[in-house]
Amino acid sequence: SSPTLSHIPTFSPIVIAQSPSKAPAPPSISTLISNLSPAIPSAPTSENILLFGDMEGDEAAVLNQWPGRCTRTVITKATGPVYEGEQSLYFQGGKNCLLFRPIAPVCYPRRVGSPIHAGDTLFISVKVRFQNPNKLFEMYTKHYHTSKGDRHWCIPLDDSYLVSRTLIENKNEWITVNAVHKIGDDWKFNGKVLEPTGCNHFHLRFRIPGSGAFYLDDVKITKISASSSLASGTGGSTNTNNDGNSTNTTSSGAV
């Protein structure tokens, strides 16, 4: 069956993206990660395992990697804002608009360069830009398994599937949204971890609750650890000006 959209609990923490004048100077990624939790044993590697996250290349190939329930358009520097490189991706739709990337362990290396397994802790970073202010941007995972009975796409009862919720206060600015997420609890059903068996059976999803449109670019996933006991941490957001300078904020949030 096709993926279905589920309600995100209203009690989940929201990170507020600050303007450059309010935010402190940005730490390095290694500093940001080391401040999240002592359970993380080391700084992240420099390897990005998500292919086509830079939105570069053939238009059909990019759209194939980024399915969604909204209008998707590959943007070039001649047609709209691009954070880095030559292209970005633009999404527009109503209240059910979402897009996703399949990232299950069995996805081909041309989709995910290193298989993602239960117990892996991921550092996820995306560049996002809104045309309207004060919009909530959500990242979350969605898991499918036939062992869930009639509700193959049902979500856990806790917040383990939630990656981040970020309030984007400013319009027409590239914002960097960072989050840490541990894989495993979001695969559980009745206390048992159910590993996805198809590439499309585990998604990283993006959406704006309600109607809206946004640009996405430079999506990266880095494995921090394959055995960390991290259960919660912090996410953050960065306002990036047109001149490339950026500032970073962090705030406690469920991962």
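- Interatomic distance, Glu84 CD to Glu86 CD, rounded to the nearest 0.5 Å: 10.5 Å.
- Here the CG-OG1 distance, from Leu136 to Thr166, works out to 7.5 Å after rounding to the nearest 0.5 Å.
- Ile49 is not connected to Val106 by any chain of hydrophobic side-chain contacts under 4.5 Å among Ile, Leu, Val, Met, Phe, Trp and Tyr, and they are in different clusters.
- In terms of modelled atom types and a separation under 3.5 Å, the side chain of Gln87 and the main chain of Met55 share a donor-acceptor contact.
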- prompt: Yes or no on side-chain contact (heavy atoms from CB on, under 4.5 Å) for Ile124 and His181, after CA distance, side-chain angles and deciding distance?
  reply: CA-CA 8 Å; Ile124 302 168; His181 184 72; 4.3 Å; yes
task: Take Lys188 and Val193 through the test side-chain contact (heavy atoms from CB on, under 4.5 Å) and record every step on the way to the result.
output: CA-CA 4 Å; Lys188 285 184 178 180; Val193 174; 3.7 Å; yes
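- Lys223 and Asp120 are joined by a salt bridge, as a carboxylate oxygen and a charged side-chain nitrogen come within less than 4.0 angstrom of each other.
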Working for side-chain contact (heavy atoms from CB on, under 4.5 Å), residues Arg165 and Glu138: CA-CA 5 Å; Arg165 307 176 80 218; Glu138 296 181 342; 3.1 Å; yes
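- Contact annotation: the side chain of Ile224 approaches that of Val180 to within less than 4.5 Å [non-hydrogen atoms, C-beta and beyond].
- Trp174 is listed as a side-chain neighbour of Pro81, based on a closest heavy-atom distance under 4.5 Å.
- Pairing each heavy atom of Gln131 with each of Ala213, the nearest pair is OE1-CB, 4.0 Å.
- The two atoms that bring Val62 and Glu56 nearest to each other are CG2-O, 3.5 Å, heavy atoms only.
- In this structure, Phe189 shares a hydrophobic cluster with Leu194, the cluster being traced through Ile, Leu, Val, Met, Phe, Trp and Tyr side chains under 4.5 angstrom apart.
- The cationic group of Arg205 does not satisfy the cation-pi geometry with Tyr140, failing either the under 6.0 Å distance to the six-membered ring centre or the 45° limit from the ring axis.
- Inter-residue side-chain proximity for Leu98 and Asn96 is flagged as unmet; no heavy-atom pair is nearer than 4.5 Å.
- With ring centers used as reference points, Tyr144 lies 6.0 Å or more from Phe202.
- Between the CD1 atom in Ile75 and the CD atom in Glu59 there is a gap of 9.0 Å [rounded to 0.5 Å].
- A 4.5 Å side-chain heavy-atom check between Leu99 and Leu216 finds at least one atom pair inside the cut-off.
- No side-chain donor from either of Ser160 and Asp186 sits under 3.5 Å from a side-chain acceptor of the other.
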task: Please step through side-chain contact (heavy atoms from CB on, under 4.5 Å) for the pair Ile221 and Leu204, ending with a clear verdict.
output: CA-CA 10 Å; Ile221 297 178; Leu204 175 62; 4.0 Å; yes
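- In this structure, Asp159 contributes its side chain and Leu162 its backbone to no donor-acceptor pair below 3.5 Å.
- With values rounded to the nearest 0.5 angstrom, Ser125 atom OG is found 4.0 Å from Asn178 atom CG.
- Contact between Pro196 and His201 at its shortest, heavy atoms only, is CB-CB, 3.8 Å.
- With Trp66 contributing its side chain and Phe52 its backbone, the two residues share a donor-acceptor pair below 3.5 Å.
- Annotation: side chain of Arg101 is in contact with side chain of Arg111 (closest heavy-atom distance under 4.5 Å).
- Note that the CD1 atom of Ile175 and the OH atom of Tyr215 stand 14.5 Å from one another [nearest 0.5 Å].
- Aromatic rings from Trp187 and His117 are positioned such that their centres are separated by 6.0 Å or more.
- Looking at Phe206, Phe137, Tyr90 one by one, the single match for ring pair (Phe, Tyr, Trp, His ring centres under 6.0 Å) with Phe214 turns out to be Phe137.
- Partners of Lys148 by salt bridge (Lys or Arg N to Asp or Glu O under 4.0 Å), not counting sequence neighbours: none found.
- A side-chain contact (heavy atoms from CB on, under 4.5 Å) with Trp153 holds for exactly one of His145, His143, Lys142; it is Lys142.
- Atom CG of Leu89 is separated from atom CZ of Arg72 by 7.5 Å, given to the nearest 0.5 angstrom.
- Residues satisfying the salt bridge (Lys or Arg N to Asp or Glu O under 4.0 Å) test with Lys220, not counting sequence neighbours, are Asp218.
- Side-chain contact check for Val126 versus Thr176: every heavy-atom pair is 4.5 Å or farther apart.
- In terms of heavy atoms, Pro102 sits closest to Cys199 at CB-O, 3.3 Å.
- Here the shortest heavy-atom pairing between Asn170 and Glu173 reads ND2-OE2, 3.3 Å.
- Summarising the geometry of Leu167 relative to Asn134, their closest heavy-atom pair is CD1-C, 3.9 Å, with the distance given to 0.1 Å.
- Within the 4.5 Å cutoff, no side-chain heavy atoms of Arg207 are placed close to those of Cys97.
- Under the 4.5 Å side-chain criterion, counting only non-hydrogen atoms from C-beta, His203 is not in contact with Ile103.
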